[in-house]
Chemist: 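First the structure, which I've put down as structure tokens, then a few questions once you've had a look.
Here the structure is a predicted model, which means the values were calculated and not measured. Quick note: numbers below take in every heavy atom, side chains included, and nothing from hydrogens, waters or symmetry partners. Proteins come first, then strands; the chains are lettered A, B, ... in the order of their sequence lines, and each starts at number 1.
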Number of protein chains: 2
Amino acid sequence: MRTKLLDRAEELARSRGFDAFSFADLARHAQIAKPSVHHHFATKAKLSQALILRYNERIADALTEIAETSATPRRCLERFVDLYREAAQDGQALCLCVAFSAGRSSLDDDVLDALAAFHTGVLGWLRAALSAHGRPEREAESVLALVEGAQLMARASVDIARFDAATAPFVASLAQQG
Amino acid sequence: MRTKLLDRAEELARSRGFDAFSFADLARHAQIAKPSVHHHFATKAKLSQALILRYNERIADALTEIAETSATPRRCLERFVDLYREAAQDGQALCLCVAFSAGRSSLDDDVLDALAAFHTGVLGWLRAALSAHGRPEREAESVLALVEGAQLMARASVDIARFDAATAPFVASLAQQG
DNA sequence: GTCTATAGATTGATAGAC
DNA sequence: GTCTATCAATCTATAGAC
């Protein structure tokens, strides 16, 4: 049940913005009464925190898997871009982290800490991947900003082509080197 | 009064997310009664539309001014990055367009059209600026995604340094050429 | 763990007087 | 153009029975 509630909350937060999901909606979707949601998550802040912590772990696992199974550093970075491309869901959704960064409630301290931890983790992974490919590590922030911004543009136009257009030059630059 | 209301709405939308501003808040700030706001903007959707249309014009004017007064194509693109840097307000706010792209109500048709027009305008400007600098026009989407994503990261960490770190490689690449 | 019932606040919006 | 009064809906959250 906990998982079911989190799944729905994530879906709504990513497709319609952080403030878009309500206890009423989660309850309806899980087919329980609205106050029953509070048994699993005392407050909305706690729910938000659980949401981003779970997302954190999932992405971390995905990145580890990519790093371990990619034949070349180039392929590794290509799959990173693809990970964010899939998260964009044809321009209809955003990475949970992007949705939280733009939302009001992200000012909650615990959530903000979790958000910072997310960025730190991804940036660390990116630095290692870039380094393995022979590129400067300081490009990590650029690459993360690029894919996050690309998601935003794709959502604004509800067209994944915008994501591809934005990331194409970076992907092409990977081919030129290693 | 209309301007006063729009100013407050923009401030809230950019600093706390699109869904953060309410008629009650606008009324309080303008020191009029809450229903009086409806005299200026019949619905919240109309208000949102007016908000982004005004933003559209302001940015278009700023970009025209930059294009006309920059000594070199390189300086022109540097000032573009600076425009977005200032809009980030030390990591406490977002470009209105970014805030709208992430929010729920951006699904409103009129607002979505205005959002698309905004992107089209900025991308057109960027293509001309990049071309003048001897870079491929297809980098326009990348540059826009970069500065929008950089704003998002700066806001997540409430630290403008993240914006600078993300945009630094691009700015450096401008110096190498023209 | 789930329920009914409800509190208490806030939301966008309307009617009608001045 | 502004006001008072009010509406219906929605929100998060709590109390207490089963």
Chemist: Quick check on dT2(C): is either OP1 or OP2 less than 4.0 Å from any side-chain nitrogen or oxygen of His39(A)?
Modeler: no

Chemist: If I take atom CG in residue Leu26(A) and atom P in nucleotide dC11(D), what distance separates them, rounded to the nearest angstrom?
Modeler: 10 Å

Chemist: Considering only dT11(C), dC3(C), dA13(C), which nucleotide approaches the side chain of His38(B) most closely?
Modeler: dA13(C)

Chemist: Nearest of dT2(D), dA13(C), dT2(C) to any side-chain atom of His40(B)?
Modeler: dT2(D)

Chemist: From CZ of Phe23(A) over to C1' of dC11(D), roughly how many Å is that when rounded to an integer?
Modeler: 10 Å

Chemist: Please check the phosphate of dC3(C) (OP1 and OP2 only) for any side-chain N or O of Ser36(A) closer than 4.0 Å.
Modeler: yes

Chemist: State, with a plain yes or no, whether a side-chain heavy atom of Val143(A) is found less than 4.5 Å away from one of Phe170(A).
Modeler: yes

Chemist: Ile32(B) has an atom CD1; how far is it from atom P of dT2(D), in whole Å?
Modeler: 6 Å

Chemist: If you take all heavy atoms of Arg155(B) and Leu94(B), which pair is closest and at what distance?
Modeler: CD-CG, 3.5 Å

Chemist: Looking at the side chain of Thr43(B), which of dT4(D), dA15(D), dA13(C) is the nearest nucleotide?
Modeler: dA13(C)

Chemist: Gln31(B) CD to dT2(D) P: how many Å, rounded?
Modeler: 12 Å

Chemist: Given atom CZ of Arg16(A) and atom P of dT10(D), what is their separation to the nearest angstrom?
Modeler: 13 Å

Chemist: Measure NZ/Lys34(A) against P/dA9(D) and give the value in whole Å, please.
Modeler: 14 Å

Chemist: Is Ser22(B) close enough to dT10(C) that one of its side-chain N or O atoms is under 4.0 Å from OP1 or OP2 there?
Modeler: no

Chemist: Can you tell me the distance, in whole Å, between the CZ atom of Phe41(B) and the C1' atom of dG1(D)?
Modeler: 14 Å

Chemist: So with a 6.0 Å cut-off around CZ of Arg138(A), is the heavy-atom count from everything else above 12?
Modeler: no

Chemist: Under 30°, 30 to 60°, or over 60°: which ring-plane class applies to Phe23(B) and His38(B), parallel, tilted or perpendicular?
Modeler: tilted

